[in-house]
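Worksheet for the structure shown next.
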Amino acid sequence: MRTQSAIEFLTTYSWAFLVIGLFVVSVLSILALPTSGTPVYLPSFCYISPSFPCYQALVLTNSIGANFMVLFQNNLGAQILFQQPNSIVVTPSLYGGASYGGSCYPLSAIIGATVICNVSIVGNTFSTGTQLSPTFTLIYQICTPRCTKQVYNTSGTATTVAEPYKQVIYPVQLLTSPTTGSIALNGVHYPNGANVIFILGQSYSISAIPPSLYGFSSWSASSNVFVTSTSLQSTTANAVGKGSVTASFVALVSTSVSSTVSTSVSSTSVSSTSISSTSLSTSLSTSLSTSISSTSVSSTSVSSLSTTTTTIHYVPITLTNSQSSATQSNFQQQIPFNPSTYGSYANANMSNIEFTTGTGGSGTVLDAWCESGCSNTATSATVWVNLGSSTIGASSSLTIYMNFMSSASPVTNGYTGYAPQLYCASGCQQTSYGQYDNGASVFSFYDNFAGSSLSSKWTELNSGSISLTVSNGVTMQNTAYNTGGGISSSSQSVDNVFEGYAYAFTTTGGSYPSVAVAMGQGQTMPSSGIAPDSSYFTGFTSLSGTSGALKVMSASGASTTLVSSETVPAVPFIMGIQWPQSRKEISTFATSSYSASDSTVSLPSSWNDYLGVSAGSVTRSISFYWARGRVYPPSGTMPSTSFGSVV
């Protein structure tokens, strides 16, 4: 009642400052937003970026003004600090492109925090039901852990309909039992624990989505929430207050039965009956010609039915190598795909996905590592799979399989893992840095810089010239002008591609700061260098701030400017170098790829990998979440991927 009264108060008085203040207080008290954990999902559409998954855009209006709200989560992989007084600037798409500023809360958002931004549009109103397509910009600093001086801008878009202030809204939590299930609300799938908004007087279509090896059982709801039919898998619901609705599922017997069951099975016809004292529907293989009764199968023999690793569905993936040479053994295959395509098969964090060489989970299990987009609602993901002893011949194809396993999480068995930055306080698969990071099993060389000290995989070079900090990531900064240094890996022999995931990039003062990802020989670095002289590296040299030239340099001393004006992205990015035997150096910087040739040098049989930083008359710092070495693809071309139908 207090919330409803506050909203009605807004429609009575005309002072703009009261509208702003009371609106924020009432909405925040209704939503009771956490500072971290499970995000709040709402039915309106908005998009910012994969680093800031957006869950709501809302415009509330009355006769004296309007408010724009946007709700999203900080998945950037670093704590962010919002600028004041304007953390967000929105253009509502009307009134000739006029823009309005507002604030975001909390002002300092940790990794995984839910953020709500509110903008008051004083003096301008929208008719209820007006279709709006606002654009907005978030303004913030990155803190890792110190906040950078660089201010970043990230844009977002939305599509929404103006709603009246008088509408009363309630948060309703969607729950499933077990928690691996999901619920579709008005056709949109939400994981267990998601919060949605119900408007008083409106009914919503809900459908229970069972996890693998489970069937629908019933609906239940707390007080203030009402479900039309508790026994129908698809029904409707409404709310008169804050509450929750729960979809319960019942376990099904696996399609595979162990041989130990045969001693308690008679030789009669197949039927679906009860096991032990509870009713548990069974779905057995057609090869069986028996009937299992509650008296002939005890609770101990039921445990022999394998339900923890049974494959329910799988997708064949054809890898096609169009080049004239085969892939090497232990080749790391990049697999980009759209996870939302498989939203009804994959768990919320894709934790039940496993890759194998045979259909339905048969054959050899392959090590896989999710680089980005690890969610069944994401539209773009990148997974790397180590093919092991399997190779893709010249102008040939190889088929592997992406399997959607049972409710058990293959991610915990070590075969399927996540990049270390993909974690949050709660509501995601990894709740600590690198919890399920198996990069060392996938790549030829790998380190995620976990902990607080440099691992034995590295040697620090010119330690007096740089300040090096390891804290779930490594940060390097030159300690004075005209100094530099870095870290060097142990000797490598197969990872013709070396890459680092950079997430901070700062400069103070003057000019000529540089950073580099390099491959070379020896571990002697010049006092002001970013890599040993006998190295091949891709380097970013900026004249000021975060704009400058991207260059490559080889052991012959030749330097090639690939891009004369490159800007460091506002979000973490991959910076890397590839140096095949053809003497053609390939540099990667964010989403772009550049190449340069040097006929005077060739890649040695063994080398070291480097990460470095230096500056002429300024100080420069760079941070990395991880560094990896991987096998060079045939002729520099990654085999293509083609997905079949779900089986």
Side-chain angles (χ1 to χ4, degrees), residues 78 142-150 445 447-490 498-546 548-551 553 568 572-577 589 607-629:
I142 297 176
C143 307
T144 57
R146 297 181 300 274
C147 297
T148 65
K149 292 187 178 181
Q150 176 69 30
F445 173 79
D447 192 14
N448 63 12
F449 306 105
S452 57
S453 60
L454 199 64
S455 76
S456 59
K457 298 178 181 180
W458 301 94
T459 298
E460 184 177 349
L461 305 182
N462 289 1
S463 58
S465 301
I466 64 170
S467 171
L468 187 143
T469 303
V470 179
S471 180
N472 290 339
V474 61
T475 299
M476 294 175 286
Q477 179 174 339
N478 59 308
T479 57
Y481 297 156
N482 295 309
T483 60
I487 56 177
S488 168
S489 76
S490 54
F498 180 56
E499 297 164 319
Y501 185 63
Y503 67 98
F505 218 105
T506 60
T507 303
T508 59
S511 61
Y512 307 116
S514 301
V515 298
V517 174
M519 299 166 64
Q521 288 183 297
Q523 293 189 319
T524 302
M525 185 178 290
S527 60
S528 61
I530 53 179
D533 288 334
S534 59
S535 67
Y536 327 100
F537 67 85
T538 176
F540 181 87
T541 301
S542 64
L543 299 179
S544 63
T546 57
L550 179 64
K551 297 185 177 183
M553 184 172 289
V568 177
F573 61 95
I574 295 175
M575 184 175 180
I577 181 173
F589 192 85
W607 58 86
N608 306 95
D609 295 326
Y610 300 92
L611 301 175
V613 61
S614 72
S617 59
V618 297
T619 59
R620 161 73 88 187
S621 68
I622 186 171
S623 304
F624 292 93
Y625 265 125
W626 49 255
R628 69 186 178 201

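Basis for what follows: all heavy atoms, side chains included, without hydrogens, waters or symmetry-related copies.
Relative ring orientation between Phe445 and Phe498 is described as tilted, the plane-to-plane angle lying within the 30° to 60° band.
Scanning all heavy atoms of the two residues, the minimum distance from Cys143 to Ala78 falls at O-CB, 4.1 Å. The minimum heavy-atom distance linking Asn608 with Ser488 is given by the pair CB-OG, 3.6 Å. Among all heavy-atom pairs drawn from Asn478 and Val613, the shortest one is N-CG1, 4.1 Å. Contact detail for Ile466 and Gly484: the closest heavy-atom pair is CG2-C, 3.6 Å. Between Ala627 and Leu611, the shortest heavy-atom contact is CB-CD1, 4.2 Å. The heavy-atom pair separating Val517 from Met575 by the smallest distance is CG2-O, 3.5 Å.
Distance check, rounded to the nearest 0.5 Å: CG of Asn462 to CG of Leu468 gives 12.0 Å. A distance of 8.5 Å separates CH2 of Trp458 from OG of Ser490, quoted to the nearest 0.5 Å. For the atom pair Ile577 CD1 and Glu499 CD, the distance stands at 11.0 Å (nearest 0.5 Å). In this structure, Met476 CE and Thr469 OG1 are separated by 10.5 Å, a value rounded to the nearest 0.5 Å.
The shortest distance between side-chain heavy atoms of Ile574 and Arg628 falls below 4.5 Å. With contacts defined as side-chain heavy-atom distances shorter than 4.5 Å, the pair Phe624/Ile487 does not qualify.
Annotation: side chain to side chain donor-acceptor pair (under 3.5 Å) contacts of Asn448 (sequence neighbours excluded): Asp437. Remark: Thr475 engages Ser623 in a side chain to side chain donor-acceptor pair (under 3.5 Å) (not counting sequence neighbours). When the side chain to side chain donor-acceptor pair (under 3.5 Å) test is applied to Ser455, the partners found at least two apart in sequence or on another chain are Asp447.
Looking at Asn472, its side chain does come within 3.5 Å of a backbone N or O of Gly451 through a donor-acceptor pair.
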